[in-house]
Amino acid sequence: MDGAARDAIAQAVVGRDRELTLVLAAVAAGRDILLEGPPGTSKSTMLRAITEHWDVPFVLVEGNAELTPARLVGHHNPARVLQEDYSAENFVPGPLVEAMQRGGFLYIEELNRAPEDTLNVLLGAMAERAVTVPRVGTLSAAPTFRVLASMNPFDNVGTARISDSVYDRWCRLAVGYQSAEEEGDIVARRTGCEDRALIDDGVALTRATRTHPELRRGSSVRGAIDLVAIAMELQRIDREGERTRVVLDAALLALSARVGVDEASDATPEQVITEIWENHFFSAPGGQRRARTA
């Protein structure tokens, strides 16, 4: 992997120069990597850009309680088993075997939501670069096969603690939120919006949800993308609509499901978002206009 290849891959990613370089170095060295960070921080975007440049498959798996070893590795077709008995020909590859045979990247989102026995199967495949399937045999991985995963260290609902033995198999990279300027560039690229003031407003409101004292979870840049896209459509539908009100309506739609109110607060998501909107548009710089309204 040389600098020219890195620059070509970087064209598909906004910012993330250091992180992209580190991920490229790890996968080019034949290593598996775990990306830790909140949602919407370009983790899968970086990996997709690499696989597209390498022309290898990108196999996405959602980590959850239903990701059993059989779902990960594969299974024998029940109908064909009844007719033909078990054989290699009626084995249906799961995402792990598919990525291994095709030399792709197996990407597991929310690794810490996967069951422990599934992780054990995965770790075995990572260590041996092969997996043994009953009545099929041992299947070896192509040279470009990599296992990559992500997890949100700030989310503890429905997750399990990752053991030291699991961490020992990975190279780990912490990925945080990007700068306001980079998030604005992402929104512009994803929405096609040319109104920079609207983009800046959408990004500012979204970023404010991450530091609001009554929110335990703020929105990722996906909230800003949806906010701006909705606001653009609202402006087309009602050309006489007051701009700040349009932004509020779009923010309520785009952000209310993406934020989590702290258990100790009696506020609703709509109240907090309205307060953030008021402070953004009507308060003096560095100050807060007034308390939340109903």
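For the pair L96/M100, a side-chain contact is recorded, criterion being any heavy-atom separation below 4.5 Å from C-beta on. Within the 4.5 Å cutoff, the side chain of V61 has heavy atoms near those of the L67 side chain. A 4.5 Å side-chain heavy-atom check between Y107 and R48 finds every atom pair outside the cut-off. Between Q101 and P93, some side-chain heavy-atom pair lies under the 4.5 Å cut-off. At least one side-chain heavy atom of L173 sits less than 4.5 Å from a side-chain heavy atom of E19. Side-chain atoms of L111 and L122, non-hydrogen and from C-beta on, do get closer than 4.5 Å to each other. Inter-residue side-chain proximity for L198 and R243 is flagged as met; some heavy-atom pair is nearer than 4.5 Å. Looking at heavy atoms from C-beta onward, V221 lies in side-chain contact with V187 at the 4.5 angstrom threshold.
Residues that satisfy the salt bridge (Lys or Arg N to Asp or Glu O under 4.0 Å) test with R71, not counting sequence neighbours, are absent from this structure. For T132, the side chain to side chain contact (heavy atoms under 4.5 Å, CB included) criterion is met by T138, not counting sequence neighbours. Every residue two or more places apart in sequence or in another chain that forms a side chain to side chain contact (heavy atoms under 4.5 Å, CB included) with P39 is listed here: N152, R222. Partners of D117 under the salt bridge (Lys or Arg N to Asp or Glu O under 4.0 Å) rule, at least two apart in sequence or in another chain, do not exist in this structure. Applying the side-chain hydrogen bond (donor to acceptor under 3.5 Å, both in side chains) test to R245 and every residue at least two apart in sequence or in another chain returns D249. Every residue two or more places apart in sequence or in another chain was checked for a side-chain hydrogen bond (donor to acceptor under 3.5 Å, both in side chains) with R217, and none qualifies. Residues passing the ring-ring contact (aromatic ring centres under 6.0 Å, His included) test with F105, sequence neighbours excluded: W54. The side-chain hydrogen bond (donor to acceptor under 3.5 Å, both in side chains) search around E233 returns R236, not counting sequence neighbours. Residues satisfying the ring-ring contact (aromatic ring centres under 6.0 Å, His included) test with Y177, not counting sequence neighbours, are none. Applying the side chain to side chain contact (heavy atoms under 4.5 Å, CB included) criterion to D185, with sequence neighbours excluded, gives V14, E181, R196. Taking R258 as the reference, D226 meet the side-chain hydrogen bond (donor to acceptor under 3.5 Å, both in side chains) condition, with sequence neighbours excluded. In this structure A70 satisfies the side chain to side chain contact (heavy atoms under 4.5 Å, CB included) test together with T68, sequence neighbours excluded.
We find the CG-NE2 distance between D262 and H212 to be 11.5 Å, quoted to the nearest 0.5 Å. Between E128 atom CD and S140 atom OG the span is 10.0 Å, to the nearest 0.5 Å. In this structure, CD in E110 is found 6.0 Å from CG in N112, a value given to the nearest 0.5 Å. Atom CG of L215 sits about 5.5 Å away from atom CD1 of I276, to the nearest 0.5 Å. From I199, atom CD1 reaches atom OG1 of T191 across 5.0 Å, with rounding to the nearest 0.5 Å. If you take CG on L35 and CE on M151, they are separated by 11.0 Å, rounding to the nearest 0.5 Å.
In plain terms, the two heavy atoms of V133 and F91 that are nearest each other are CG1-CE1, 3.6 Å. Closest heavy-atom contact between L227 and A250: O-CB, 3.4 Å. Heavy-atom minimum distance, S265 versus E214: OG-OE1, 2.5 Å. Residues S256 and E270 approach most closely at CB-OE2, 3.9 Å, considering heavy atoms. Between N64 and E66, the closest heavy-atom pair is OD1-N, 2.9 Å. The two residues S150 and K43 come nearest to each other via the heavy atoms CB-CE, 3.6 Å.
Checked by atom type and distance alone, the side chain of R129 pairs as donor or acceptor with a backbone atom of F145 at under 3.5 Å. At least one donor-acceptor pair under 3.5 Å links the side chain of T51 to the backbone N or O of L47. Side-chain atoms of T206 do not come within 3.5 Å of backbone N or O of S219 as any donor-acceptor pair.
Note on R216 versus E263: salt bridge recorded, some NZ/NE/NH1/NH2 to OD/OE distance being below 4.0 Å. Between R207 and D200 no salt bridge is recorded (no basic side-chain N to carboxylate O distance below 4.0 Å).
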Item to check | Worked verdict on W170 versus V147 for side-chain contact (heavy atoms from CB on, under 4.5 Å) | outcome: CA-CA 9 Å; W170 307 83; V147 181; 3.5 Å; yes
Next on the checklist: Under the criterion side-chain contact (heavy atoms from CB on, under 4.5 Å), I'd like the reasoning laid out for T268 against V261: C-alpha separation, chi angles, the key distance, then a yes or no.
Outcome noted: CA-CA 7 Å; T268 65; V261 179; over 6 Å; no
Checklist entry - Are R169 and D32 close enough, and set up right, to give a side-chain contact (heavy atoms from CB on, under 4.5 Å), and what steps lead you there? => result CA-CA 8 Å; R169 296 292 185 185; D32 303 310; over 6 Å; no
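For the side chain to side chain donor-acceptor pair (under 3.5 Å) test with S42, the passing option among E183, R16, Q178 is Q178; the others fail.
At most 12 heavy atoms of other shown residues, nucleotides or ligands fall within 6.0 angstrom of atom CZ in R190. Applying the 6.0 Å contact sphere to CD of E116 captures no more than 12 heavy atoms from other residues, nucleotides or ligands.
L253 and V228 fall into different hydrophobic clusters, defined by Ile, Leu, Val, Met, Phe, Trp and Tyr side-chain heavy atoms under 4.5 Å apart, directly or through other members. L255 and I230 fall into different hydrophobic clusters, where Ile, Leu, Val, Met, Phe, Trp and Tyr side chains are chained together by heavy-atom contacts under 4.5 Å. When hydrophobic clusters are built by joining Ile, Leu, Val, Met, Phe, Trp and Tyr residues whose side-chain heavy atoms come closer than 4.5 Å, directly or via intermediates, V246 is not grouped with M232. The hydrophobic clustering, which links ILVMFWY residues whose side-chain heavy atoms are closer than 4.5 Å, places L234 and V247 apart.
Below 30°, between 30° and 60°, or above 60°: for W277 and F282 the angle between ring planes is above 60°, a perpendicular geometry.
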